[in-house]
2 protein chains.
Amino acid sequence: MTSRNEAVPQTPLRADARRNVEALIEGARTVFARDGVDAHVKDIALEAGVGVATLYRHFPKRTDLVLAVLQHDVDECVETAQELAAAHTPMDALTLWLDRYCAFVLTKHGLAAALQSGEATFAGLGAQLLEQLEPTLDELLQGARVAGAMEGGASAMDLLRAVAHLCTPGPSHIDYTRRMITLLLTGLRQDPATQRG
Amino acid sequence: MTSRNEAVPQTPLRADARRNVEALIEGARTVFARDGVDAHVKDIALEAGVGVATLYRHFPKRTDLVLAVLQHDVDECVETAQELAAAHTPMDALTLWLDRYCAFVLTKHGLAAALQSGEATFAGLGAQLLEQLEPTLDELLQGARVAGAMEGGASAMDLLRAVAHLCTPGPSHIDYTRRMITLLLTGLRQDPATQRG
DNA sequence: TGCCAAACGGAATCTGATTCCATATAGTAG
DNA sequence: CTACTATATGGAATCAGATTCCGTTTGGCA
């Protein structure tokens with residue numbers, strides 16, 4: 001929940017304002033889930049029980065709201081990894097976490113897709129979110145490598161991106177996604193560099 | 001270029017209308033490339049040298065235009081496969097074609113992303129395009145299997161989707177994409193089903 | 001050459017995002 | 001406890017862009 005890049009405002013937010021920000025993020029999550037990323041700003045304000053001006057005060061662009069929702073969930077994802085790492089063998093933790101991460105992306109696939117299409121605004125932002133997850137996965141990978149469970153040449157960032165994109169087809173293709181991730185993990189156990197062509 | 005699902009109109013298009021449709025697709029391709037998928041309808045009409053009403057007559061929804069452009073390129077992609085299959089060994093043809101396909105998706109990644117986010121309108125349409133590519137890739141895969149070059153359990157559709165999604169990060173990550181595809185191909189040479197966990 | 005359905009261009013309309021402003025409130029000083 | 005003011009708010013006004021309407025033009029045919 002505590003975001004890595006939470007800009008601390010010059011003058012701290014007033015109590016009511018802080019409450020409204022919370023309500024807006026929560027409301028946005030609800031409405032996005034119900035109506036998709038293209039949900040109307042008005043509906044989000046309504047759901048949060050505030051006026052549109054309030055929404056715009058805290059999130060100057062529609063897209064800032066999308067981002068805030070994602071950020072919120074990314075934070076949760078990081079926490080999950082720490083819990084798993086503490087409770088399982090390295091390879092299990094890795095596999096389990098990728099499942100979680102996969103579920104996360106599936107849920108948010110609409111939002112994730114928006115990150116890709118809206119040229120300027122979002123360029124690099126998806127990347128920024130991934131960067132926050134990277135150390136998390138990297139730790140899991142290191143664990144698995146130390147345990148001798150894999151040797152593949154792909155980095156944590158590579159994998160994050162791969163899984164993120166593998167997951168975008170939508171919730172109805174979990175089987176497909178699983179198969180592809182299995183394929184990737186299988187490939188990871190080899191040294192891919194020399195086998196192409 | 002000749003699309004698989006080109007609805008034949010009851011009364012054939014008048015000559016000028018046919019010309020305008022061409023101009024619109026071409027213009028849309030240009031403007032999308034320049035301004036992104038969210039380009040203004042007006043600009044597209046301008047580029048094509050027609051009024052907006054003309055655009056709407058032929059493409060009732062903005063998105064129909066996006067689709068038309070994609071369709072156009074998918075057709076080209078299919079042709080390429082046939083040429084490659086005729087000129088190379090099965091595994092080479094497969095690898096080369098995946099490179100082409102990859103380039104195709106990279107170029108169109110904005111359009112492709114739009115397919116994912118705009119919930120209702122596009123749902124299943126990305127899939128429809130992929131279905132047109134499927135027999136193409138399937139033939140290449142069969143060729144490679146017959147030649148004994150692979151045995152993996154992923155289907156043509158699986159691969160198409162995987163590559164499509166691997167390519168979405170954007171043009172600046174060709175290295176990443178290559179590595180991931182290599183990883184997939186490596187995994188494909190194994191029997192993935194039993195190796196997970 | 002004349003007819004008229006098909007097609008056209010651009011103005012009008014409609015929808016939804018963003019901004020403005022008069023009013024209300026949290027937080028603080030007296 | 002009350003007054004004060006910067007911060008925050010709600011809803012109306014504005015703006016941008018997509019879609020529709022309608023009077024005019026044109027291709028194809030008798």
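Below, chains carry the letters A, B, ... as their sequence lines are ordered, and counting in each starts from 1.
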| Nearest-nucleotide 5' precedence on DNA chain D, B:Arg19 against B:Val41 | B:Val41
| What's the closest nucleotide to the B:Ala17 side chain, out of C:dA7, C:dA26, D:dA8? | C:dA7
| Donor-acceptor pair present, A:Arg57 side chain and D:dT9 base, under 3.5 Å | no
| field | 5' precedence on DNA chain D between B:Arg18 and B:Arg62 (nearest-nucleotide basis) | value | B:Arg62
| field | Rounded distance in Å - NZ (A:Lys61) to C1' (C:dA17) | value | 9 Å
| said: Rounded to whole Å, please give me the gap between CG in A:Leu13 and C1' in C:dG27. | reply: 14 Å
| task | Choose from D:dC21, C:dC8, C:dA17 the nucleotide whose nearest atom is closest to any side-chain atom of B:Ala53. | result | D:dC21
| said: Heavy atoms from C-beta onward define the side chain here; which of C:dG27, D:dT26, D:dA12 lies closest to that of A:Val52? | reply: D:dA12
| query | Any chance the side chains of B:Gln71 and B:Gln132 put a donor and an acceptor closer than 3.5 Å? | reply | yes
| request: Starting at atom OH of A:Tyr56, determine the distance to atom P of C:dT18, rounded to an integer number of angstrom. | output: 3 Å
| B:Asp16 has a side chain; which of D:dG10, D:dA18, C:dC8 sits nearest to it? | C:dC8
| message | For B:Ala23, give me all partners under side chain to side chain contact (heavy atoms under 4.5 Å, CB included), at least two apart in sequence or on another chain. | response | B:Ala48
| message | Determine whether a donor-acceptor pair (N or O, by modelled atom type, separation under 3.5 Å) exists between the side chain of B:Arg29 and the backbone of B:Val69. | response | no
| Quick one: is B:Thr54 getting a side-chain N or O under 4.0 Å of the C:dG9 phosphate, OP1 or OP2? | yes
| message | Within the 4.5 Å heavy-atom criterion, are B:Phe59 and B:Leu67 side-chain neighbours or not? | response | no
| Are OP1 or OP2 of D:dT9 and a side-chain N or O of A:His58 less than 4.0 angstrom apart? | yes
| 5'-most contact on DNA chain C: A:Arg14 or A:Ala39, nearest heavy atom basis? | A:Ala39
